[in-house]
Amino acid sequence: MMELERHEYDVVVVGAGGAGLRAAIEAHESGARTAVVCKSLLGKAHTVMAEGGIAAAMANLWPEDNWRVHFRDTMRGGKMLNHWRMAQLHAQEAPDRVRELEDWGALFDRTADGLISQRDFGGHRYARLAHVGDRTGLELIRTLQQRTVALGIDVYMECTVTRLLTDEQGITGAFGYWRESGRFVAWQAPSVVLATGGIGKSYKVTSNSWEYTGDGHSLALQAGATLVNMEFVQFHPTGMVWPPSVRGILVTESVRGDGGVLKNSAGNRFMFDYIPDFFRKETAETEDEADRWYEDKKNNRRPPELLPRDEVARAINSEVKAGRGTPHGGVFLDIASRRSADYIRKRLPSMYHQFKELAEVDITAEAMEVGPTCHYVMGGVEVDPDTEAARVPGLFAAGEVAGGMHGSNRLGGNSLSDLLVFGRRAGAAAAGHAAGLPHRSELPDAALADAARAALAPFEREGGENPYTVQHDLQQTMHDLVGIIRTAPEMEQALERIAVLKERVANLSVEGHRQYNPGWHLALDLPHMLVVSEAIARAALAREESRGGHTRDDFPATDAEWARTNLICASAPDGSVALTRQPLPQMPSELAEIFES
Ligand code: FAD
């Protein structure tokens, strides 16, 4: 038998972002022996990059705010494709999760009355995002991490899970490797919580970091679980476009929330030309009214720059396509001419430094150049809304890797609250599942040996392809053919290219040793990236309508039948992605009434 480190737990959480840490804390506090495994160092997860804030109807600035309004905004932002029960739980529980974070030591910015301050974001009717400057994710992670460590939860960091282990009863554990030494490790556990975040690295221009290769989505499929609505990928409207080395890095929506406006090369505030009927009633019609809103939110409607992200991203795309873009293919985001330098430096310190250091642009004196960037995946593991249980017994998913909560488009700030609400629920349910099992399954040697063989295969081949070339070609394919605006012929071409890329991945080879070998790590990530890309392309080809983050040039309208339909991805016997249609869960009448009023 090969050399293998073995551990035994009740609950193993894969991922140490907000969702993973919150799940681990809850599982531990429910009495489960719990471990967290993460690819990077603890504290380095994607969550740390979150800037603008965490959405919760705390009513600190607007007494009119409550969970019903938040629920309504979330469903409307997702173009009603959200799982109503997830959106309800999220809106109801988010305020408690923020207060709990504060009890655990998080220091939020305050109002003049000493309450937690809340800021405006696109699609939220009231100022609702609790924040810490534009570094909210850092505070959230710091707080959860400190608690995880204080509780004595075991953390395996710089450790990648490559396979989930199952038997006929469900989950039995997970298999992975230490990134530094390349040595293998297995965790025997009846409950696994996937909290692995997003998929952005399948695209060429993205705000996501190297870790977001869709591992959890792919591991879930392999284990027999399903994914829901993978066609919905969010392109954030404002990423940096220049210089090329930083293209895609996020420019927070707070810039617009705090007064920044979008202009084309002719200096026009073009968003007024792109107000959809769906949002017309609540959006300002003139620049004067939009500007007055910043001072008097009660008596004016919000600026069109704060429409949901899908609307703003499509508008920017159209302006650039029409030849009204900036020299580097974006549009201008101007806060310099609208707010004092002191205000900008105080409210947006990270943005100020980001542009100064990376682009040599002083955002207190000149406009930024921005354009859409692949940011977030709304699709993900299909879960039960109350427990986050996937279709495989013992498997749970929370955070960005899970689907359903955000429908076809996520509102800003709703991810951080999602992580806490559903991370907590997943941790409790995972602990409950483990405690309720009459016996534990051993990890069979044959399955472990097979997982090890698969991981080492790239070393066995000689003269095969370099993983970086394949990654580059995949990112270009997704960027060119399954991006912000989609057509059937382009997506068919993408699927053909993905099929070829799969063959190329089966022939990858890497050189050197197992000790910290990034080429090998990428070779193991690539099959995940391909399966996720296939799921996105297949689902996007099937959904013949435009809705939220999914825009079809050949089907530009929303469609009543598709409004009632979810697309479910499963793994086919030949390893490809199989699609089925499933009716949307029916919203109960007491919630449906919220929309009628
Ligand atoms: P992540 O925080 O992405 O963590 C994933 C974890 O899984 C990591 O620890 C990673 O190492 C681990 N992992 C992945 N694969 C494996 C594997 N195979 N084995 C072991 N470990 C693995 N949302 C908001 O609500 N408000 C904001 O202001 C906001 N700002 C943002 C700004 C930026 C720049 C970005 C990129 C996103 C922002 N978002 C924001 C979105 C939000 O940050 C993410 O959706 C959220 O943090 C995802 O959290 P998560 O816990 O699901 O996963």
Side-chain angles (χ1 to χ4, degrees), residues 12-23 36-56 94 119 121 129-132 134-138 140-141 144-145 155-164 174-177 179 185 187 192-201 206-219 234 236 238-240 248-254 257 309 350-351 354 373-378 380 397-402 405-406 410-420 422-423 426 521 524-525 528:
V12 169
V13 179
V14 188
L21 293 179
R22 189 62 192 83
V36 179
V37 187
C38 54
K39 262 183 172 181
S40 54
L41 289 170
L42 187 61
K44 284 278 182 193
H46 211 180
T47 303
V48 83
M49 296 158 75
E51 294 161 354
I54 173 167
R119 67 158 40 120
F121 246 51
L129 270 70
H131 57 96
V132 185
D134 55 1
R135 298 181 182 128
T136 312
L138 176 63
L140 190 144
I141 278 288
L144 293 177
Q145 184 180 316
V155 179
Y156 297 79
M157 58 185 171
E158 298 203 290
C159 200
T160 299
V161 169
T162 59
R163 203 174 266 196
L164 298 179
F175 177 92
Y177 67 94
R179 297 174 77 80
V185 50
W187 300 266
V192 168
V193 180
L194 290 172
T196 49
I199 57 93
K201 274 295 164 191
T206 178
S207 63
N208 292 185
S209 82
W210 63 270
E211 288 177 81
Y212 303 105
T213 47
D215 302 11
H217 293 76
S218 157
L219 291 169
Q234 181 168 81
H236 193 291
T238 59
M240 293 177 80
I249 291 184
L250 196 77
V251 180
T252 175
E253 197 165 318
S254 319
R309 290 174 175 174
S350 299
M351 286 302 106
Q354 182 173 310
T373 178
C374 174
H375 184 57
Y376 184 89
V377 62
M378 276 71 72
E400 192 168 340
V401 70
M405 159 67 207
H406 304 284
R410 173 177 71 87
L411 294 187
N414 270 359
S415 173
L416 293 188
S417 36
D418 162 348
L419 310 181
L420 299 176
F422 296 109
H521 302 167
L524 299 183
D525 291 341
H528 299 314

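Counting convention: from 1, in listed order, for ligands and their atoms alike.
When atom types are taken as modelled, the side chain of Asp134 and the backbone of Met351 share a donor-acceptor pair closer than 3.5 angstrom. Listed for the Arg119 side chain is a donor-acceptor partner under 3.5 Å among the backbone atoms of Gly52. A donor-acceptor pair is defined here as one N or O able to donate and one able to accept, closer than 3.5 Å; such a pair exists between the side chain of Thr47 and the backbone of Gly18. The main-chain N or O of His131 is never found under 3.5 Å from a side-chain atom of Thr136 such that the two would form a donor-acceptor pair. Thr238 places a side-chain N or O within 3.5 Å of a backbone atom of Val251 that can act as its donor or acceptor partner. With Thr206 contributing its side chain and His375 its backbone, the two residues share no donor-acceptor pair below 3.5 Å. A donor-acceptor pair is defined here as one N or O able to donate and one able to accept, closer than 3.5 Å; such a pair exists between the side chain of Gln354 and the backbone of Leu250. Not one N or O on the side chain of Glu400 forms a donor-acceptor pair closer than 3.5 Å with the backbone of Tyr376.
Set against the non-hydrogen atoms of Asp215, the atoms of ligand 1 under 4.0 Å away are 15 (N), 16 (C), 17 (C), 18 (N). Each of the following atoms of ligand 1 lies closer than 4.0 Å to a heavy atom of Asn414: 25 (O). Near Val14, meaning under 4.0 Å from one of its heavy atoms, ligand 1 places the atoms 19 (N), 20 (C), 21 (N). Under a 4.0 Å criterion applied to the non-hydrogen atoms of Leu250, ligand 1 contributes the atoms 32 (C), 33 (C), 34 (C). Heavy-atom proximity to Ser40, at under 4.0 Å, picks out these atoms of ligand 1: 11 (O). The contact set between ligand 1 and Gly413, taken as ligand atoms under 4.0 Å from a residue heavy atom, comprises 24 (C), 25 (O), 26 (N). Here is the list of ligand 1 atoms found below 4.0 Å of a heavy atom in Gly399: 52 (O). Near Ala19, meaning under 4.0 Å from one of its heavy atoms, ligand 1 places the atoms 51 (O).
In this structure, atom 42 (C) of ligand 1 lies nearest to the protein heavy atom Ser415 OG, 3.5 Å. The nearest protein atom to atom 31 (C) of ligand 1, hydrogens excluded, is given as Ala50 CA, 3.3 Å; this is a heavy-atom distance. Looking only at protein heavy atoms, the nearest one to atom 26 (N) of ligand 1 is Gly53 O, 2.9 Å. For atom 12 (C) of ligand 1, the nearest non-hydrogen atom of the protein is Gly15 CA, 3.6 Å. Of all protein heavy atoms, the one closest to atom 36 (C) of ligand 1 is His46 NE2, 2.8 Å. In terms of protein heavy atoms, atom 28 (O) of ligand 1 is closest to Gly52 N, 2.7 Å. Scanning all protein heavy atoms for the shortest distance to atom 47 (O) of ligand 1 gives Thr47 OG1, 2.9 Å. Protein heavy atom at the shortest distance from atom 35 (C) of ligand 1 is His375 CE1, 3.3 Å.
Counting heavy atoms closer than 4.0 Å to ligand 1, residue Ala195 contributes backbone atoms (N, CA, C, O) but none from C-beta onward. The residue Arg22 has no part lying near ligand 1, judged by heavy-atom distances below 4.0 Å. When heavy-atom distances to ligand 1 are checked against a 4.0 Å cut-off, Leu416 comes that close through both its backbone and its side chain. When non-hydrogen atoms are compared, ligand 1 lies under 4.0 Å from neither the backbone nor the side chain of Asp418. Residue-level proximity to ligand 1 for Lys44 is absent, since no heavy atom of it falls below 4.0 angstrom. With a 4.0 Å heavy-atom cut-off, ligand 1 is reached by the backbone of Cys159 but not by any atom from C-beta on.
Checked against a 3.5 angstrom limit, the closest N/O atoms of Ala16 and ligand 1 fall inside it. Of the N or O atoms in Tyr376, none lie within a sub-3.5 Å distance of an N or O in ligand 1. For ligand 1, the polar-atom distance check finds no N/O of Ser417 at less than 3.5 Å from any of the ligand's N/O atoms. Remark: ligand 1 and Val401 share no N or O pair separated by less than 3.5 Å (distance only, no angle test). For ligand 1, the polar-atom distance check finds no N/O of Asn208 at less than 3.5 Å from any of the ligand's N/O atoms. Polar contact with ligand 1: present for Glu211 (N/O pair, distance under 3.5 Å).
Ion pairing of Lys201 with Asp525 is absent here, as no side-chain N (NZ or NE/NH1/NH2) approaches a carboxylate O to less than 4.0 Å.
Here the CD-OG1 distance, from Glu211 to Thr196, works out to 10.5 Å after rounding to the nearest 0.5 Å. Rounding to the nearest 0.5 Å places SG of Cys38 at 12.0 Å from OH of Tyr156. In this structure, Met378 CE and Gln234 CD are separated by 5.0 Å, a value rounded to the nearest 0.5 Å. Rounding to the nearest 0.5 Å gives a distance of 5.5 Å between CG of Leu41 and CE of Met157. Here OG1 of Thr160 is found 8.0 Å from CG of Leu524. Values are rounded to the nearest 0.5 Å.
Ligand 1 lies less than 4.0 angstrom from a heavy atom belonging to Arg410. Remark: distances from the non-hydrogen atoms of Val37 to ligand 1 include one below 4.0 Å. Using 4.0 Å as the threshold, Leu419 has a heavy atom nearer than that to some atom of ligand 1. For the ligand labelled ligand 1, residue Ser207 lies inside the 4.0 Å heavy-atom shell.
For atom 16 (C) of ligand 1, the candidate residues are Arg119, Lys39, His131; the nearest heavy-atom contact is made by Lys39.
The closest side-chain heavy-atom distance from Leu420 to Leu144 is below 4.5 Å.
For the residue pair Lys44/Ser209, the side-chain donor-acceptor check at 3.5 Å is not satisfied.
Under the salt bridge (Lys or Arg N to Asp or Glu O under 4.0 Å) criterion, Arg410 pairs with no residue, sequence neighbours left out.
Minimum heavy-atom separation, Ala94 to Ala55: CB-O, 3.7 Å.
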